[in-house]
Amino acid sequence: MKLTTNDLRTALLNAADKMEEHKDELTDLDREIGDGDHGINMSRGFQAVKKELEAKQDFADLGELSKLVGMTLIKTVGGASGPLYGTIFVKFANTWKGVGEAEGDALVSGFEEALEGIKTRGKADAGEKTMIDVWTPFINALKSEGDLSHAIDEGLAHSKTIMATKGRASYFGEATKGVQDPGALSSSLLLNELKEALHD
Amino acid sequence: MKLTTNDLRTALLNAADKMEEHKDELTDLDREIGDGDHGINMSRGFQAVKKELEAKQDFADLGELSKLVGMTLIKTVGGASGPLYGTIFVKFANTWKGVGEAEGDALVSGFEEALEGIKTRGKADAGEKTMIDVWTPFINALKSEGDLSHAIDEGLAHSKTIMATKGRASYFGEATKGVQDPGALSSSLLLNELKEALHD
Amino acid sequence: MDKLMQDANRFVSDMVEGLVLAHPDFYEKVEGVNVVKRKDGVSGKVGLVSGGGSGHEPAHAGFIGEGMLSAAVCGEVFTSPTPDMVLEGIKAADGGKGVLLVVKNYAGDVMNFDMAKELAEMEGIEVDTVVVNDDIAIKKESDRRGVAGTVFVHKVAGAAAQEGRSLSEVKAVAEKVISRVRSMGMALSPCYMPESGKPGFELHPDEMEIGIGIHGEKGVERKAIAPVEDIVRELVDRLTNEVTDKKIALMLNGMGGTPISELYLTYKYVHEQLIAKGYDIVRPYVGNYMTSLEMHGFSLTLLPVDDEILGLLDAPTKAIGFHS
Amino acid sequence: MDKLMQDANRFVSDMVEGLVLAHPDFYEKVEGVNVVKRKDGVSGKVGLVSGGGSGHEPAHAGFIGEGMLSAAVCGEVFTSPTPDMVLEGIKAADGGKGVLLVVKNYAGDVMNFDMAKELAEMEGIEVDTVVVNDDIAIKKESDRRGVAGTVFVHKVAGAAAQEGRSLSEVKAVAEKVISRVRSMGMALSPCYMPESGKPGFELHPDEMEIGIGIHGEKGVERKAIAPVEDIVRELVDRLTNEVTDKKIALMLNGMGGTPISELYLTYKYVHEQLIAKGYDIVRPYVGNYMTSLEMHGFSLTLLPVDDEILGLLDAPTKAIGFHS
Ligand SMILES: Nc1ncnc2c1ncn2[C@@H]1O[C@H](COP(=O)(O)OP(=O)(O)O)[C@@H](O)[C@H]1O
Ligand SMILES: Nc1ncnc2c1ncn2[C@@H]1O[C@H](COP(=O)(O)OP(=O)(O)O)[C@@H](O)[C@H]1O
Ligand SMILES: [Mg+2]
Ligand SMILES: [Mg+2]
Ligand SMILES: [Mg+2]
Ligand SMILES: [Mg+2]
């Protein structure tokens with residue numbers, strides 16, 4: 001498995017389109033167990049990313065690209081998801097500084113750093129019905145060279161069944177069981193595009 | 001034609017019931033071309049009158065009865081209709097002071113004074129789509145010994161067709177043509193009961 | 001119907017009680033009637049009484065206080081108070097120098113306040129009246145309603161009374177404001193009467209009313225909801241047709257259910273358009289002053305000012321409902 | 001959707017512009033971001049910054065002014081502002097004696113303000129944070145939201161800063177308030193998001209929500225609309241379970257679409273019930289302080305006071321959104 005700078009750029013452009021497509025769905029889920037802005041937040045952030053990436057085609061390496069994306073998300077998304085998605089890309093940037101293509105351990109450790117970053121920033125862990133529940137199985141599959149698509153789907157499906165204990169969704173306790181977490185869904189959209197960018 | 005103190009008392013008790021029956025209709029008409037409170041105002045006022053009249057069965061004369069009714073209406077109705085209905089009975093009281101039964105000229109002049117009172121207090125005249133347009137034909141019929149019921153109905157029907165130029169209804173100009181004036185309707189309810197009280 | 005209330009018949013009395021309980025050192029209720037007065041009294045100055053139907057909060061009781069009203073008469077919702085109530089207000093406001101009644105131009109208010117004036121004069125209190133008619137939605141001047149511009153009359157006349165001016169002087173400056181002030185309002189949604197539970201008018205969610213009254217009276221024009229810039233343009237254009245003096249105080253008044261965010265957002269467009277037309281907005285007031293229950297909308301009031309009016313507008317007041 | 005607005009994307013920026021245009025001598029906008037600061041500056045005192053998502057007006061910009069906040073950071077509607085925006089707020093509030101951030105307890109606010117604090121410290125500004133969590137609708141204390149009680153924190157900490165206290169002293173008194181203050185809210189109708197046009201929750205007209213948040217989050221309980229006395233009893237009983245000190249300041253806060261009449265009417269029942277339980281309401285505040293767009297409802301906040309808190313509550317402030 002290998003991730004090139006150009007493929008990551010393409011994946012992010014595609015992810016931006018996916019966020020737009022699912023904007024209303026993300027917002028409606030957030031109305032159910034949050035405050036009804038997740039689609040709006042993701043759209044604002046990823047449209048800003050798209051604009052940046054359309055303005056600049058060539059990046060020196062994964063680090064430079066990830067840093068721009070992370071800073072853009074931090075500056076435009078807001079809410080809980082802004083710092084979290086921003087942190088993901090800032091961690092990518094730190095791990096892949098000067099790296100044009102990541103593979104093997106270098107690839108995995110970027111994702112591991114990102115997940116650690118989310119957990120530290122959000123003071124959260126797997127099993128709390130957040131985006132973490134999609135990132136965790138994805139990374140496990142990446143490490144074990146398992147089926148990434150399947151991992152994302154499984155994570156998403158499992159996170160739907162459990163009770164929220166972090167973020168706004170936690171206010172609704174038991175009632176969150178059976179409702180899809182909006183951040184888990186947006187993460188699955190992003191990870192599905194990243195998966196497309198990874199190839200042997 | 002003759003009006004006794006006791007018959008006037010009975011007529012007012014009946015009028016109170018009529019106002020209650022038509023409360024919503026009066027309010028709905030006032031929502032159309034006013035501020036939606038006429039039924040509420042008339043109900044509040046006439047229920048207060050009813051309470052007074054149930055507490056006191058015997059009145060020395062028409063004057064004493066009318067004064068109590070007038071003061072009660074003035075103190076409880078509020079709005080435009082409070083001073084106007086109040087004035088009617090205060091004028092009755094002045095004209096029929098010490099009069100146990102009114103007939104002939106004495107009867108007519110009580111009503112004439114009342115109508116003058118409305119016009120002065122409201123700075124209004126016939127043809128402006130107000131209660132005056134029911135009182136005027138009623139009094140004309142009383143003077144000419146015509147058909148009182150017919151006069152009330154005609155006045156009410158005519159007032160519906162014309163344009164309001166006084167009170168809140170005047171704000172709506174042309175749009176008031178074809179809508180019944182709530183004060184004209186409440187006056188028709190009262191006058192129909194007074195008519196019942198008049199006999200040869 | 002969505003209302004916080006116990007019993008529609010006690011809507012006004014509960015509200016008045018709550019107001020006095022919340023500000024026990026400031027207000028006093030007149031025993032037995034929904035009339036509120038300044039606890040600190042008005043001795044030696046002209047008293048100022050206003051009121052009318054309730055449902056316009058903070059008007060009128062919120063404008064009681066040194067430098068504004070002496071007493072407020074709180075009728076049933078949207079129903080002019082009765083003469084005996086107004087008489088209680090006059091007595092409560094009488095500090096020996098006469099009492100000015102600030103009446104909004106509605107047949108009911110005018111008649112009931114007139115009757116009260118007659119009663120008060122019989123008791124030896126000197127009373128005079130001004131009638132506010134600032135609402136330009138109504139063409140015929142004699143029919144024009146008193147709306148948010150009334151608050152400027154309270155403020156200016158109240159400051160004049162506080163200065164120690166005589167009844168005729170206070171009346172004169174009140175009339176100066178009345179002759180200048182013009183308003184017009186709009187609503188995105190109606191208000192609901194507590195007792196009947198019905199809206200003042202039926203309005204499709206996509207429609208708005210231009211030229212509404214403050215008692216749930218429908219507007220003079222009904223239209224599809226437009227961007228706020230266009231709504232503002234309609235009101236500004238109509239107001240500037242009548243108000244040609246350029247140095248103005250302005251009131252952007254919420255109708256009761258309008259969040260402050262929308263009022264300030266709206267003010268941006270009001271400001272831009274008036275500046276573009278050469279107006280100098282020396283005192284903008286943005287907030288809820290003369291409301292109509294929970295109606296969602298706003299009114300715009302323009303008052304051309306001179307040094308006298310400006311000084312009186314700027315004079316301090318303790319009234320809790322008047323903020324600049 | 002019934003909103004006075006031009007373009008949902010400009011809801012916040014138009015509002016901020018309007019606010020500054022309406023009070024040009026009082027506020028200043030930080031160039032390029034929706035951050036508002038005191039025009040008169042804060043030199044030589046601890047600076048106070050608050051903010052969060054917009055839609056809570058007059059919070060937070062309305063609490064800027066001598067004796068309260070130094071700057072407010074206005075995020076998108078119900079969306080925590082980004083760290084770079086908060087950093088601008090911190091810089092605007094820095095008068096050389098350090099800056100205290102008053103954050104409401106939401107994951108987003110906590111994270112974004114934390115990141116901003118890190119950035120500011122890199123620029124050499126001393127920053128500390130307090131997190132308000134007064135909403136008892138949420139059982140788990142660490143999850144409790146910051147709601148209207150935040151306004152008492154602004155007031156008390158702002159007065160302490162104005163007195164010239166140090167950053168750690170200002171923080172200490174802010175934490176004293178936070179440890180004592182408790183709130184709970186309810187809604188008769190939801191609020192609608194400007195961008196999506198959708199309500200925070202779907203509610204049948206005959207139903208109400210108890211324990212709502214201030215971002216359109218549905219409540220913890222849904223019921224048939226009850227007489228206000230019963231609604232008040234539910235909130236008062238739950239609050240008095242937690243707040244046992246009897247000498248209290250109280251805030252009866254409208255949610256944005258609640259007319260003042262209903263707030264005062266409601267206050268009557270709040271007052272009666274608390275007095276009956278032996279509470280001494282030394283400072284009642286009734287009005288719109290921490291709203292949720294045009295939501296119709298109220299929240300109730302109880303703050304046990306001692307002489308220190310009372311003195312700081314009573315200290316004067318120029319903030320236009322804080323009236324007693
Ligand atoms: N503490 C946390 N740790 C991890 N993820 C979180 C945390 N809090 C929230 N999230 C994620 O963020 C999503 C909500 O994002 P968004 O709606 O944009 O922000 P907000 O909750 O501030 O409105 C949730 O669905 C959840 O997946
Ligand atoms: N100036 C007037 N002269 C005569 N009748 C009037 C006048 N103004 C109003 N009315 C009558 O009063 C009625 C309205 O009464 P009501 O609704 O109780 O008072 P308000 O208009 O103050 O709400 C009208 O339908 C009309 O018949
Ligand atoms: Mg959200
Ligand atoms: Mg009426
Ligand atoms: Mg009326
Ligand atoms: Mg949010």
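What's counted below: heavy atoms across the whole structure, side chains too, no hydrogens, waters or symmetry copies. Below, read A as the first sequence line, B as the second, and so on, with proteins coming before strands; counting in each chain starts at 1.
The line from CD of D:Q6 to CG of C:L265 is 8.5 Å long, rounded to the nearest 0.5 Å. Here C:N288 contributes atom CG and D:N288 contributes atom CG; the two are 7.0 Å apart, rounded to the nearest 0.5 Å.
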Margin query: Using the rule given for side-chain contact (heavy atoms from CB on, under 4.5 Å), can you reason through D:Y269 versus C:D14, listing the C-alpha separation, both sets of side-chain angles and the distance that settles it, and then say yes or no?
Written below: CA-CA 9 Å; D:Y269 295 94; C:D14 276 1; 2.5 Å; yes
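Heavy atoms of other residues, nucleotides or ligands lying less than 6.0 angstrom from NZ of D:K277 number more than 12. When the shell of 6.0 Å around NZ of D:K318 is examined, it contains 12 or fewer heavy atoms from other residues, nucleotides or ligands.
C:E262 is listed as a side-chain neighbour of D:K3, based on a closest heavy-atom distance under 4.5 Å. Put simply, the side chain of C:E294 does not reach to within 4.5 Å of the side chain of D:T258, judged on heavy atoms. With contacts defined as side-chain heavy-atom distances shorter than 4.5 Å, the pair D:P259/C:T291 does not qualify. D:Y264 has its side chain out of reach of C:E17: every pair of non-hydrogen atoms, C-beta onward, lies at least 4.5 Å apart. Side-chain contact check for D:L4 versus C:I231: some heavy-atom pair is nearer than 4.5 Å.
Only the side chain of D:M186 comes within less than 4.5 Å of a heavy atom of chain C; its backbone N, CA, C and O stay farther away. For D:S261, the parts lying near chain C are the backbone and the side chain together; criterion is any non-hydrogen pair under 4.5 Å. Contact of D:I320 with chain C is made through the side chain alone, with heavy-atom distances under 4.5 Å.
No other option in C:E229, C:M295, C:H296, C:M208 has as many heavy-atom pairs under 4.5 Å with chain D as C:E229. Chain C forms more heavy-atom pairs under 4.5 Å with one residue of D:V77, D:V228, D:I260, D:V232 than with any other, namely D:V228.
Aromatic ring centres of D:H23 and C:Y267: separated by at least 6.0 Å.
The two residues C:D2 and D:I225 come nearest to each other via the heavy atoms OD1-CD1, 3.3 Å. In this structure, D:P284 and C:A22 approach most closely via the heavy-atom pair CG-O, 3.4 Å.
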